[in-house]
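One structure below.
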Amino acid sequence: MVLPLPEEILLEMYWTMLLSRRLDERAWALHRQGKITFHISAIGHEAAQIGAAYAIRRGYDWVAPYYRDLTLMLALGYTPREFMLSLMGKKGDPCSGGRQMPSHWSLKRANVISHSSPVATQTSHAAGIGLAIKLRGEDKVVITAAGEGSTSQGEWYEGVNWAAVQKLPVVFMIVNNLYAISVRQEQQMAVANAADKAHGLGLPGVAVDGMDFLAVYKVMKEAVERARSGEGPTVVEAKVYRITPHSSDDDDRSYRTREEVEHFKQRDPLFIARQKLEKEGILTAQKIEEFEQRAREVVNDAVRFGESAPYPAPEEAAFPVYAEDVRHA
Ligand SMILES: Cc1ncc(C[n+]2csc(CCOP(=O)(O)OP(=O)(O)O)c2C)c(N)n1
Ligand SMILES: [Mg+2]
């Protein structure tokens with residue numbers, strides 16, 4: 001096959017997916033050890049996120065992510081140590097200084113905006129940034145991601161509609177993992193593809209196999225180019241599967257069978273990427289072992305770093321959430 005990117009970039013993409021997976025697995029272990037209070041997983045979503053990350057100009061374009069976007073964040077330069085600070089609520093967490101729930105990302109140095117807990121709010125934030133880019137005459141693009149369940153929110157339609165009307169440089173990614181916690185796709189939408197919703201709003205909607213990182217990269221690249229050249233927004237739906245429960249607080253045995261989960265594990269995006277790169281002779285058994293070893297070291301280092309980091313001082317809880325009291329100044 002004709003590879004869309006140079007070998008070293010493909011290896012970097014694989015490495016980031018692997019690192020994301022190993023960090024994520026450690027987060028589950030830390031939770032079960034009682035060392036952290038919450039984790040929400042990217043496992044199964046890595047290919048969709050890495051495909052999106054490499055379609056933009058990282059550090060130049062804007063990103064409005066959602067809580068599953070660990071792989072995307074790592075590709076944008078968020079470090080494993082920073083991830084552990086955020087999981088453990090420690091000082092120095094760049095997302096919130098240790099005050100927000102984990103996985104509520106923001107990273108100023110990489111143009112990643114802070115996102116709120118109510119799902120789909122990032123959709124209208126992205127449209128707003130798109131409008132600012134257009135008014136300023138810049139050639140930047142915004143990408144934003146949300147789950148398929150989030151596309152049932154009014155705010156999702158409002159943001160996408162506004163971007164379509166104004167032809168804003170935004171790519172709206174829908175990461176369809178079949179579930180919104182326990183609610184299956186067909187219980188909350190009558191369309192087969194969440195991307196079909198775009199057609200009623202007057203913009204293109206494309207569905208892609210989100211387990212295949214190169215397929216996602218290709219579709220996202222086209223959508224990003226379209227946005228950058230002033231042709232307007234696109235909705236891209238990456239079809240994935242949430243291999244883990246919704247979060248560390250969820251028990252998915254109450255609403256889906258083990259057979260179903262096992263079935264989708266056969267399409268593990270990390271495994272598919274590995275097979276693809278092995279077939280092309282880019283990834284060898286030795287390289288895989290090297291990456292695994294490095295990932296273990298990086299994850300261990302990040303955990304040690306997080307555990308030894310201080311907590312924020314209590315008075316930091318209020319700043320910069322509230323302005324300083326200047327009434328008596
Ligand atoms: C407006 C709003 N309603 C409900 C919730 C609680 N909630 C958090 S995540 C979630 C499921 C979202 O599902 P989906 O958009 O498919 O994303 P996924 O978690 O599957 O990736 C819900 C209902 C919320 N955060 N915000
Ligand atoms: Mg979902």
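Note that ligands are numbered from 1 as they come in the structure, with each ligand's atoms numbered from 1 the same way. The analysis underlying the following values was restricted to heavy atoms, covering all of them including side chains, and did not include hydrogens, waters or symmetry mates.
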The answer for which part of R242 has a heavy atom under 4.0 Å from ligand 1 is neither
_Between Y179 and Y255 (judged by ring centroids, cut-off 6.0 Å), do the two rings come close enough to count as a pair?_
yes
- Message: Between H115 and H125, is the ring centroid distance below 6.0 Å?
- Response: no
Does the distance from a Lys or Arg side-chain N to an Asp or Glu carboxylate O, for [X] and [Y], drop under 4.0 Å?
{"X": "E225", "Y": "K221", "value": "yes"}
{"X": "K276", "Y": "E280", "value": "no"}
{"X": "R296", "Y": "E289", "value": "yes"}
{"X": "E46", "Y": "R68", "value": "no"}
{"X": "R22", "Y": "E25", "value": "yes"}

**Request:** Say whether N177, considering both its backbone and side-chain N or O atoms, lies within less than 3.5 Å of an N or O atom on ligand 1.
**Result:** yes
* Hey, does Q153 come in under 3.5 Å of ligand 1, counting only N/O atoms on both sides? -> no
- request: Please tell me if the side chains of E237 and V175 come closer than 4.5 Å, counting only heavy atoms from C-beta onward.
  value: no
Query raised in the report: Does a donor on one side chain sit under 3.5 Å from an acceptor on the other, for D69 and Y78?
Result: no
Would you say [X] contacts ligand 1, with heavy atoms under 4.0 Å as the rule?
{"X": "E148", "result": "yes"}
{"X": "S117", "result": "yes"}
{"X": "V175", "result": "no"}

Show the atoms of ligand 1 that are less than 4.0 angstrom away from any heavy atom in [X].
{"X": "G147", "value": "14 (P), 15 (O), 16 (O), 17 (O)"}
{"X": "G149", "value": "14 (P), 15 (O), 16 (O)"}
{"X": "Y66", "value": "17 (O), 21 (O)"}

| task | Could you tell me whether any N, O or S atom belonging to N177 is less than 2.8 Å from the Mg ion (ligand 2)? | result | yes
Check: So, Y179 and the Mg ion (ligand 2): N/O/S under 2.8 Å, yes or no?
Finding: yes
Starting from [atom], locate the nearest protein heavy atom and write down its residue, its atom name and how far away it is, to 0.1 Å.
{"atom": "atom 20 (O) of ligand 1", "answer": "Y179 O, 2.7 Å"}
{"atom": "atom 4 (C) of ligand 1", "answer": "V119 CG2, 4.7 Å"}
{"atom": "atom 15 (O) of ligand 1", "answer": "S150 OG, 2.6 Å"}
{"atom": "atom 23 (C) of ligand 1", "answer": "I181 CD1, 3.9 Å"}
{"atom": "atom 17 (O) of ligand 1", "answer": "Y67 OH, 3.3 Å"}

Protein contact for [atom] (heavy atom, distance under 4.0 Å):
{"atom": "atom 2 (C) of ligand 1", "value": "yes"}
{"atom": "atom 12 (C) of ligand 1", "value": "yes"}
{"atom": "atom 6 (C) of ligand 1", "value": "no"}

If we ignore hydrogens and angles and just use 3.5 Å, is the side chain of D61 paired with the main-chain N or O of R57 as donor and acceptor? yes
query: How far apart are the C-alpha atoms of D252 and H246, what are their side-chain angles, what is the distance that settles it, and do they pass the side-chain contact (heavy atoms from CB on, under 4.5 Å) test?
result: CA-CA 7 Å; D252 64 334; H246 172 72; over 6 Å; no
| message | Could you check whether K90 makes a cation-pi contact with Y311, meaning its NZ or CZ is under 6.0 Å from the centre of the six-membered ring and within 45° of the ring axis? | response | yes
For E148, the N, O or S atom at the shortest distance from the Mg ion (ligand 2) is OE1
